[in-house]
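First listed ligand is number 1; within each ligand, the first listed atom is number 1. Side chains included, hydrogens not; waters and symmetry mates left out as well; all remaining heavy atoms used.
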Amino acid sequence: MFKTLDDLDPEQRVLVRLDLNSPVEDGEVQDNRRFDRHAETVRELAEAGHRVVLMAHQGRPGGDDFVSLEQHADILASHIDREVGFVADTYGDDAIAAIDALEAGDVLLLENTRMCDEELPEEDPEVKADTEFVRTLAEHVDAYVNDAYSAAHRSHASLVGFPLVLPAYAGRVMQTEYEANSSIATREFDGQVTMVVGGTKATDVIDVMNNLGDKVDQFLLGGIAGELFLRAAGNDVGFDLEGMDFFDDQWEANRETIESLLDERGDQIKLAVDLAYEDETDDRGEIAVANITEKDRAYLDVGSMTVDEYDPIIRDSEAVFVKGALGLFEDERFAVGTTGVLRAIAETDCFSVVGGGDTSRAIGMYGMDEADFGHVSIAGGAYIRALTGAPLAGVEALKQD
Ligand SMILES: Nc1ncnc2c1ncn2[C@@H]1O[C@H](COP(=O)(O)OP(=O)(O)OP(=O)(O)O)[C@@H](O)[C@H]1O
Ligand SMILES: O=C(O)[C@H](O)COP(=O)(O)O
């Protein structure tokens, strides 16, 4: 297992990797739960009198959201109620001068790690540890903390290089996310284990079912992925109408796997019995799946009868895991499925983990309280990997210490 902040010596110069990757709209970085969560780690380190140097990434080179971290520093400062300095440099002279000038309790954010060429190529930790980026920064700090669980599936320099050259520790977010998200693989539950799977990516759902078939009693399906399963079960749904590209490619690529999953695990898989669509007056319309005879409309949510079927299953469960939304919940008319299952989880005292960057957003959007859930993950890709038992490079590197 890894060391945590409880094991850190006092008065250290600590290099901390966060995941502040955020939505960017018209060049403006949007505040989100990642800031709030990481604030706990940063505040704890600063209040303990460490000199805190933060690293994070934003976007991918070439993308519209590949921007500087200058705005992130201000947003983070508002979450920790103390100043966060910013230097527009990753590991050059300016960065080093700013690090060396830190006093006890100061917090400094370095520029977007992905602006450094050595950060991105996925390579072994040994290769990353030997980059100029890692070697230079390591000389100016005493310890490394990885709090970026949600980026830990990447074998990037800032995530896997430092644990080989510095004493390394897990931050508070890393610790909580790791424990909760691995629990389906590591914990034994006395009663029924249920998994709600939806969203837009069929492969995520397939991977989860293939890997967790023995751990999960019931899979409750919805979203685009659920429609592909309905189509495989012989229903006239899951076709791309004009202007859509959700289904056809995914159907071609995954049809056989979905059909064999339905064949082999049919008893564990619950599909929607009704679906919702936008009717002629722009209201929500619903139709029983059995009555769908033509591929003439897009379905944007599971229907109310489906929620009524899923609800008691959730309430009878000992543990519920959620990956992916059951509908286009960003539009209130099509939030019934997603909020229906989330409310059922919130109202029971089952062990629960809700993940997927998009899906967990529905909790705040519809006035639910995160405290009513066991754990709400801020991870996307890392969450799905954890669920399927795949190792995360960043976590493995920390464990090596
Ligand atoms: N029937 C549907 N039609 C259109 N969009 C849908 C439908 N069902 C679900 N969605 C969309 O799926 C999105 C969530 O899917 P996604 O696969 O990205 O899952 P996630 O696990 O929440 O997020 P991520 O993988 O991005 O972290 C939501 O934003 C929702 O609008
Ligand atoms: O936002 C995320 O899921 C993580 O920060 C990883 O980002 P990436 O997919 O660009 O590596």
**Q** Would you mind telling me if ligand 1 is within reach of the side chain of Ile224, the backbone, both or neither, using heavy atoms under 4.0 Å?
**A** both
**Q** Please tabulate protein-ligand N/O pairs under 3.5 Å for ligand 2, atom names and distances to 0.1 Å.
**A**
from     : atom 1 : to     : atom 2 : distance (Å)
ligand 2 : 1 (O)  : Asn21  : ND2    : 2.9
ligand 2 : 1 (O)  : Arg34  : NH1    : 2.9
ligand 2 : 1 (O)  : Arg34  : NH2    : 3.4
ligand 2 : 5 (O)  : Asp19  : OD1    : 3.1
ligand 2 : 5 (O)  : Asp19  : OD2    : 2.7
ligand 2 : 5 (O)  : Asn21  : ND2    : 3.3
ligand 2 : 5 (O)  : His57  : NE2    : 3.0
ligand 2 : 9 (O)  : Arg60  : NH2    : 2.6
ligand 2 : 9 (O)  : Arg154 : NH2    : 2.7
ligand 2 : 10 (O) : Arg60  : NE     : 2.8
ligand 2 : 10 (O) : Arg60  : NH2    : 3.3
ligand 2 : 10 (O) : Arg114 : NH1    : 2.9
ligand 2 : 11 (O) : Arg114 : NH2    : 2.8
ligand 2 : 11 (O) : Arg154 : NE     : 2.6
ligand 2 : 11 (O) : Arg154 : NH2    : 3.4

**Q** Judged by atom type as modelled, is there a donor-acceptor pair below 3.5 Å linking the side chain of Thr131 to the main-chain atoms of Val127?
**A** no
**Q** Given 3.5 Å as the limit, does a donor-acceptor pair link the side chain of Thr388 with the main chain of Arg385, or not?
**A** yes
**Q** With heavy-atom distances below 4.0 Å as the criterion, list the atoms of ligand 1 near Gly380.
**A** 27 (O)
**Q** Does a side-chain N-to-carboxylate-O contact under 4.0 Å join Arg172 and Glu44?
**A** yes
**Q** Heavy atoms only: which of Val197, Leu328, Asp358, Asp331 is nearest to atom 18 (O) of ligand 1?
**A** Asp358
**Q** Identify, for atom 22 (O) of ligand 1, the protein heavy atom at the shortest distance, and state residue, atom and that distance.
**A** Thr359 OG1, 2.4 Å
**Q** Test your reading of the structure: does Tyr299 have an N or O sitting under 3.5 Å from an N or O of ligand 1?
**A** yes
**Q** How far is atom 13 (C) of ligand 1 from its nearest protein heavy atom, and which residue and atom is that?
**A** Thr200 CG2, 4.1 Å
**Q** What side chain to side chain donor-acceptor pair (under 3.5 Å) pairs are there with at least one residue in residues 349-366, not counting sequence neighbours?
**A** Glu330-Arg361, Asp358-Arg361
**Q** Given side chains that start at C-beta, do those of Gln192 and Ile313 come closer than 4.5 Å, heavy atoms only?
**A** yes
**Q** At what distance is the nearest protein heavy atom to atom 25 (O) of ligand 1, and which residue and atom is it?
**A** Lys201 NZ, 2.6 Å
**Q** Can you list the residues that meet the ring pair (Phe, Tyr, Trp, His ring centres under 6.0 Å) rule with Tyr144, with sequence neighbours excluded?
**A** Phe162
**Q** Would Glu330 count as being in polar contact with ligand 1, using the rule that some N or O on each side must be under 3.5 angstrom apart?
**A** yes
**Q** For the pair His38 (side chain) and Val173 (backbone), establish whether a donor and an acceptor sit closer than 3.5 Å, ignoring hydrogens and angles.
**A** no
**Q** Is the side chain of Asp279 donor-acceptor paired with the backbone N or O of Thr281 at a distance under 3.5 Å, no angle test?
**A** yes
**Q** Can you name the atoms of ligand 1, numbered from 1 with element, that are less than 4.0 Å from a heavy atom of Ala325?
**A** 9 (C)
**Q** Decide, yes or no, whether a salt bridge links Glu119 with Arg114 under the criterion of side-chain N to carboxylate O below 4.0 Å.
**A** no
**Q** In the protein, which heavy atom is nearest to atom 27 (O) of ligand 1, and how far is it?
**A** Gly357 N, 2.7 Å
**Q** Is the contact between Tyr383 and ligand 1 made by the side chain, the backbone, both, or neither, using heavy atoms and a 4.0 Å cut-off?
**A** neither
**Q** What atoms in ligand 1 come closer than 4.0 Å to a heavy atom of Gly324?
**A** 19 (O), 21 (O)
**Q** How far is atom 30 (C) of ligand 1 from its nearest protein heavy atom, and which residue and atom is that?
**A** Gly327 O, 3.4 Å
**Q** So which heavy atom in the protein is nearest atom 15 (O) of ligand 1, and how far is it from that ligand atom?
**A** Gly199 CA, 3.2 Å
**Q** Throw together a table of side-chain donor-acceptor distances under 3.5 angstrom for residues 289-296, partners on residues two or more places apart or in other chains.
**A**
none

**Q** Might you work through the side-chain hydrogen bond (donor to acceptor under 3.5 Å, both in side chains) test for Arg17 and His57, ending with a clear yes or no?
**A** CA-CA 9 Å; Arg17 176 59 155 100; His57 74 277; 3.1 Å; yes
**Q** Ignoring hydrogens and geometry, is there a side-chain-to-backbone donor-acceptor pair from Gln58 to Asp65 under 3.5 Å?
**A** yes
**Q** Got more than 12 heavy atoms from elsewhere within 6.0 Å of CG, Asp93?
**A** no
**Q** Run the contact test for Gly198 against ligand 1 with a 4.0 Å cut-off on heavy atoms, strictly below, and give the result.
**A** no
**Q** Is there a nitrogen or oxygen of Lys323 sitting under 3.5 Å from a nitrogen or oxygen of ligand 1?
**A** yes
**Q** Find the distance between CZ (Arg343) and OG1 (Thr348) and round it off to the nearest 0.5 Å.
**A** 13.5 Å
